[in-house]
Structures are given as C-alpha cells and as structure tokens.
2 protein chains.
Amino acid sequence: MARPKEFIAEEALDAAIGVFREHGYEGTSAEMLVRTLGIGRQSLYDTFGDKWQLYLAAVQRYAARETEAHLSALASERRAVDGLRVMVERVVDDAAEACLGVNSICEFGTGKPELAAIRDSAGRALTRAIVGRIREAQAEGDVAADIDPSSATEFLHASFAGIRVAARGGAGQRRLRALGQLALRALT
Amino acid sequence: MARPKEFIAEEALDAAIGVFREHGYEGTSAEMLVRTLGIGRQSLYDTFGDKWQLYLAAVQRYAARETEAHLSALASERRAVDGLRVMVERVVDDAAEACLGVNSICEFGTGKPELAAIRDSAGRALTRAIVGRIREAQAEGDVAADIDPSSATEFLHASFAGIRVAARGGAGQRRLRALGQLALRALT
DNA sequence: GTCATTCTTGACTGATCGTTCCAAATCCGC
DNA sequence: GCGGATTTGGAACGATCAGTCAAGAATGAC
C-alpha cells in the first residue's frame, strides 16, 4: 500500500450526479467537475477514467438510488394502491431537482447503447415490482381490471417523466401534486 | 438593393430546428449548423446573430408550429373529446422525432428567462384552447365533471412530455399509443 | 528511518469551441 | 457596363475544451 486517496469515490460520484443532473453531459465541463467534486484533475481521471465514464458511473449510481427509492415507496403500504400512491407522491416531492435519467434520455436518446443498458437493467426490477403491485391492486379492486398491468406501468413511468419535465419547467408543488393525482386516476 | 441571399431564412431555421431537437444546444456545434443548414458561416452569423439567438429563433418557430398543430387537431372534430383524442394521437404519431420544447426545458430548466418567455407566450393560447375544449367535453358528459379543467390541461401537457420522453428512450408506436389512451382515461 | 508506491497539484497539450475578419464573388439600379 | 451594396467562403482569432505529464507530497511495509 501507499498514500491513500483523500476523497471517497462514492461522495465524488454523488457530487458528479449533482452537476450532471443540473447541466447535462455537454453542459458540464471538466473544470466544473474538478471544482464541484473538490478533487484534483488527475485524481478525477485516475479514479473515473474520463468524462464519459464518469457520466456513466453517475447515471448508474443515480439509477440505482432512484430504483431503490421507488421500490421502498412501493412496498411501504400494505394496500397495493397505497404503495403506488406513495411512489407517485415521492416523485412529486423530489421533482424540484432535475432527474438525471430524464436528462440523459433527452440529451442522448437511444444513441448510446451503454446508457440504454444502464436504464434497462435498472428499470427491469422496478418494472416487475410495479406490475406486481398493480396486479395486486386489481385483485383488491382498486385498479380497473381491464387495464393491462404492463401498459399501466409504462404509463406511470411516463407520468414520472412528465411530472419531472413540468417541474424542470417551473411548475410548483401544487400543480405537480395535481398531475400525480390525475395519473393515478387513469388507473381507476 | 444588391446581391440577394442564396438561401431562405425560414428554411435554414427549419434545418436548425432539426439539428437542435436532436442534439440539444450544447451538443450542436457551429460546424454542424453550417454543414446542415447548407449556408456559409458568415451568412449564418449575419442572418441570425449568434448561436444562442439562432437557438431562440428555432425554439420560437418550433413552438409556433407545434401550437398550431395542436390547435388544428383540437378543432378537427365536432365533439370536444374527439378533438382531445386527435390531439393526443398526433403527439403519439409525431413522437419519433425529438421534441425541441422538451429538450430545451430539460437542458436549461428555468435558468433562461428568454426561453421561458417563448414557452409561456406559445403555451398561453394553447392552454386556453385545451381548457375550453375540456369544459365542452365536460358539458357533453365525456370528461368527468369533478376534474378541474386547468389541472387536466396541465396533465395533458405533462403527458405529452412523458410520451415524448418515452419515445426518445426508444418506446415503439404501440406502447406510445397505450400511453396516450391511458392519459385520456384519466379524464373520464 | 528508508524505500517503493500512490496520490496530488498545477502547468501544459492539441483539438475544438464560437466568433470575426477580409477578400472575392455576385447582384441590382442606373 | 458600371458602381455601390451585400453575400459568401475560407482563413484566422482567442478562449475553452477534454485529457496528460512531470514533479513533489504523503503514506504503508519493512
């Protein structure tokens, strides 16, 4: 062993998430990263490779965190439809900060397979969980039986994106809350 | 008078819309613009000022076109709810190409007053029209009476953003169509 | 304490960024 | 055809970009 790092990679990654979610990939310069992460240029490149790899790592970490938050909200209530509602409300409450997922989709679309892979693998577990919860809610009579659980899940996903874009465009909490309620209403 | 321009500003602007909607502002270089618009560097700067002003002009033109398309879809059917449905279907059908509005919101958020001004002034007329059509649909019994027309309008707006983000993320037509149907379902 | 190893710092690289300058080309009114 | 006006294309600008290099600072193993 030799001299240890003076920073923690995970914390630096969190800081990187903060920059990228606000300014996007192209809008973020190496200078900004160095300043915000609080580490030296060379440390940054030694630890994360290059800007693109750092971006991928940030998106990955963000996706994992976001997925976990969704799952925990989903499972927080006994009644399935309440879990769905809590999940939506969390999205509304956290919408003030830009979503790195939506941001990366808008910026790169389907053009970057590595990004798509991250989103897919993160989304798979979440999708399964939401589909399951919707089926439960249908069995409990809280979600209309004629709705395809898969479509409903994608609809919730899309609604999250819509809510986050609205927030990014300046919509306040009250309006976002109404959006969440209407999204849930589509399932009844 | 003297030598006339060899290009039409509006056509160049349309080409600029095509580049910006795909690559965003930061992701678009002057080089790309010159190549895609098919005009010289100097002509570009003489005609549009600088990159930022060109971007604003492109967003403005795009917003006007999009607003008009929405309005015409809205008014295309006698029954209000059918107009709403046609509007949603058009969004779905055109979602393959990235939306410059969503893109600019995601890239800049509320940070650029000039952008917000463009979106506001373009959105105002559209919002009014949608609210009116929703009220009609409520009177005709096609939209639930307990829904606030303003909230419903914002919900449709957000759903459009959601559909477009989904499309940008690679969702196919069939899935997008399901998203549109569920969005309309929220209003019933 | 010494050595080998690793991390940090700041100057530096070539490339590309948005933008401007300038000379040549092109047109209209006369 | 001529002169004034304007567009055009290409070279060039300083600034900034992402990324690298080299030298010094700090550590653990012995």
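Chain A is the first sequence line, chain B the second, and so forth, proteins listed ahead of strands; every chain is numbered from 1.
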*Asks:* Could you tell me if the ring centre of A:F108 sits under 6.0 Å from that of A:W52?
*Replies:*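 When the ring centroids of A:F108 and A:W52 are compared, they turn out to be within the sub-6.0 Å range.
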*Asks:* What is the separation between atom OH on A:Y45 and atom P on C:dT13, rounded to the nearest whole Å?
*Replies:*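 Roughly 17 Å, once rounded to whole Å.
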*Asks:* CG of B:L44 versus P of C:dG18: gap in Å, rounded?
*Replies:*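 That distance rounds to 11 Å.
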*Asks:* Whole Å only: how far is the OH atom of A:Y55 from the P atom of D:dA18?
*Replies:*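 Atom OH in A:Y55 sits about 14 Å away from atom P in D:dA18.
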*Asks:* Between atom CG of A:D148 and atom CD1 of A:I134, what is the distance when rounded to the nearest 0.5 Å?
*Replies:*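 Spacing of CG (A:D148) from CD1 (A:I134) equals 9.0 Å.
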*Asks:* Indicate whether OP1 or OP2 belonging to C:dT8 is found under 4.0 Å from a side-chain N or O atom of A:S43.
*Replies:*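 True: A:S43 side-chain N/O within range (under 4.0 Å) of C:dT8 OP1/OP2.
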*Asks:* Once you round it to whole Å, what is the distance between P of D:dC17 and CD of A:E26?
*Replies:*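 To the nearest whole Å, that distance equals 12 Å.
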*Asks:* If you measure from CD on B:E89 to CG on B:L84, what distance do you get to the nearest 0.5 Å?
*Replies:*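 Here the interatomic distance stands at 11.0 Å.
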*Asks:* Side chains of A:S72 and A:R90 only: does a donor on one sit below 3.5 Å from an acceptor on the other?
*Replies:*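 No.
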*Asks:* What is the distance from CD of B:E31 to C1' of C:dA15, rounded to the nearest Å?
*Replies:*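 For the pair B:E31 CD and C:dA15 C1', the rounded distance is 13 Å.
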*Asks:* Please lay out, stage by stage, how B:R185 and A:T188 fare under the test side-chain hydrogen bond (donor to acceptor under 3.5 Å, both in side chains).
*Replies:* CA-CA 9 Å; B:R185 185 181 175 122; A:T188 63; over 6 Å; no
*Asks:* Of the listed nucleotides (D:dA18, D:dT8, C:dT19), which one gets closest to any side-chain atom of A:S29?
*Replies:*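 So the side chain of A:S29 is nearest to D:dA18.
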*Asks:* Can you tell me the distance, in whole Å, between the CE atom of A:M32 and the C1' atom of D:dA18?
*Replies:*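 So the two atoms are 14 Å apart, to the nearest Å.
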*Asks:* Using whole Å, what does the distance between atom P of nucleotide D:dT7 and atom CG of B:D46 come to?
*Replies:*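 Value for this atom pair: 6 Å.
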*Asks:* Looking only at atom types and distance, does a side-chain atom of B:D142 sit under 3.5 Å from a main-chain N or O of B:A137, one as donor and one as acceptor?
*Replies:*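 A pair under 3.5 Å: no.
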*Asks:* Take the protein atom CD of A:Q53 and the nucleotide atom C1' of D:dA18, then report the distance between them rounded to whole Å.
*Replies:*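 Value for this atom pair: 13 Å.
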*Asks:* Between N or O atoms, less than 3.5 Å apart, protein on one side and nucleotides 10-12 of chain C on the other: list the pairs.
*Replies:*
none

